[in-house]
**Q** 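Have a look at this one before I ask anything.
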Amino acid sequence: MSQDGYTLNLIDSVSTESAEDFTFTVIGPDGSPVKDYEVEHDKKLHFIVASRDLTSFQHLHPELFPDGTWSVRLKAPKPGPYRAFADFVPTGGEKLTLGADLMAGGDYRPDPLPEVSRTAEVDGYTVSLDGNLAPGKTTKLTLTVSKDGKPVDDLEPYLGAYGHLVALRAGDLAYLHVHPEESDTAGPGITFYAEAPSRGDYRLFLDFKHKGEVRTASFTAQADPDAHAADHTH
Ligand SMILES: [Cu+2]
């Protein structure tokens, strides 16, 4: 929840009934809310809310008020525990990802983690995953979008790239660092570099934009110790 003297401070609770204003602050090393942020991937802050069982994922862009309060409309799709992540760069500081837990009241029925799969379907799109995560190594992942059996080569830029990938470890929801490869082709393949912290199961969420709409394709993947490290350094 805290890193380098910064803390994610969730203020509101979340409801399963209706979308409500959800507010939070990032408390800085001086004890007051951070008001100045660098723009990264087109936004000052990326807010991810995932259910503990990893069957629900929301990637949101809250509004910043001058006093350092962030606000976004938020609804939980079902009761139970969630983890929220704020991904940002405070002005003059380093990139941070802070997490905090929140709970949607009601009867919690966790769903099992979906089976490991190399393809995901969303709204008539098929997204296929090439490459493997590997514990302790950076590897290359390529996601390829098609529709009705045809490659989609007119993806639209979203957050400064042709796709945005978030990867979370099953169980503790550890957040992986993923970097898009700079590309000037608009699909059908979108390449990322990711490093898994350990063996185990992970859930990958790819946001991509086509014909004006952002969709999310979700995959369960296992970190493979035998996968080859990518020839790519950060
Ligand atoms: Cu974002």
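In this text, all values refer to a predicted model and were calculated from it rather than measured experimentally. Each ligand, and each atom within it, is numbered from 1 in the order the structure gives.
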**Q** Measure from the ring center of Phe208 to the ring center of Tyr125 and say whether it is less than 6.0 Å.
**A**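 Close enough - the centres of the two rings lie under 6.0 Å apart.
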
**Q** Under 6.0 Å between ring centres, would you say that holds for Phe47 and Phe24?
**A**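 Yes, close enough.
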
**Q** Can you list the residues that meet the side chain to side chain contact (heavy atoms under 4.5 Å, CB included) rule with Asn9, with sequence neighbours excluded?
**A**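 Counting only residues at least two positions away or on another chain, Asn9 forms a side chain to side chain contact (heavy atoms under 4.5 Å, CB included) with Ile11, Thr25, Ile27.
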
**Q** If we only count heavy atoms from C-beta on, is the Leu64 to Tyr37 side-chain gap below 4.5 Å?
**A**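 Heavy-atom side-chain distance check passes, below 4.5 Å.
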
**Q** Below 4.0 angstrom, N of the basic side chain to O of the carboxylate: do Lys95 and Asp87 qualify?
**A** yes

**Q** Which protein N, O or S atoms lie under 2.8 Å from the Cu ion (ligand 1)?
**A** His46 ND1, His59 NE2, His61 NE2

**Q** Are there over 12 heavy-atom neighbours, none belonging to Arg199, within less than 6.0 Å of that residue's CZ?
**A** no

